[in-house]
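Labels below follow one simple rule: chain letters A, B, ... track the order of the sequence lines, proteins then strands, and each chain is numbered from 1.
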Amino acid sequence: MSFDEKCYQLLQRVPKGRVTTYKELAEAVGIRAYRAVGQAMNRNPRLIKVPCHRVVCKNGEIGGYALGVKKKIELLQSEGVEIKGDRVVGMDGILYRFSSQ
DNA sequence: CGCAGTCTAGCAC
DNA sequence: GTGCTAGACTGCG
């Protein structure tokens with residue numbers, strides 16, 4: 001399985017209404033290059049299958065999105081995630097940790 | 001706020 | 001095929 005495939009698989013593990021960080025995702029994949037994860041997300045070859053919008057910065061900021069940060073916010077809000085400005089509200093509570101499993 | 005660390009993909013030679 | 005650059009980040013000074 002390729003690096004990107006692992007990222008997508010783990011990302012799909014994140015339940016609706018929850019979010020994760022590039023760091024957590026990278027750690028789950030087995031690397032420490034959070035940026036590489038973002039790269040795979042940005043390429044987004046499986047946008048329909050991979051909820052890249054559930055990946056946010058550690059500080060709660062949206063970070064970025066292939067279709068635009070605004071779109072990402074709307075998608076997250078549609079899933080029940082509260083967004084204030086360009087940051088996730090209470091992201092510390094909805095943050096999904098792969099380590100929990 | 002700015003620099004460095006770490007990984008993958010893409011372009012150039 | 002190998003080398004360099006850039007990028008949806010994070011942490012420390």
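Note on A/Lys72: every side-chain N or O is 4.0 Å or more away from OP1 and OP2 of C/dA8.
Here the P atom of nucleotide C/dA8 and the OH atom of A/Tyr65 are 15 Å apart, to the nearest Å. Straight-line distance from the CE atom of A/Met91 to the P atom of C/dC9: 13 Å, rounded to whole Å. Distance, A/Asn44 CG to C/dG7 P: 18 Å, rounded to whole Å. For A/Tyr34 and C/dA6, the OH to C1' distance is 19 Å, given to the nearest whole Å. For the pair A/Met41 CE and B/dT8 P, the computed distance is 13 Å after rounding to whole Å. With rounding to whole Å, A/Arg35 atom CZ is found 8 Å from C/dC9 atom P. What separates CD of A/Glu27 from C1' of C/dT10 is a distance of 11 Å, to the nearest Å. Rounded to an integer number of Å, the gap from CD of A/Gln39 to P of B/dA9 is 9 Å.
Comparing A/Asp4 and A/Arg32, the nucleotide of DNA chain B nearest to each residue sits closer to the 5' end for A/Arg32. Looking at which nucleotide of DNA chain B each of A/Arg43 and A/Ala36 is closest to, the 5′-most match is held by A/Ala36.
Pairing analysis of DNA chain C (Watson-Crick: purine N1 to pyrimidine N3 plus N6-O4 or O6-N4; G-U wobble: N1-O2 and O6-N3; both under 3.5 Å) yields stems of 3 or more pairs at B:1-5 with C:9-13, B:7-13 with C:1-7.
In this structure, A/Tyr22 reaches the bases: a heavy-atom distance under 4.0 Å links it to at least one base atom across the strands shown.
The salt bridge (charged side-chain N to carboxylate O under 4.0 Å, His left out) search around A/Glu5 returns none, not counting sequence neighbours.
Of the options A/Ile62, A/Ile73, A/Asn59, A/Leu95, a side-chain contact (heavy atoms from CB on, under 4.5 Å) to A/Val88 is made by A/Ile62 and by none of the others. For the side-chain contact (heavy atoms from CB on, under 4.5 Å) with A/Val37, the qualifying choice from A/Val55, A/Asn42, A/Leu25 is A/Leu25, the only one to do so.
A side-chain donor from one of A/His53 and A/Glu79 sits under 3.5 Å from a side-chain acceptor of the other.
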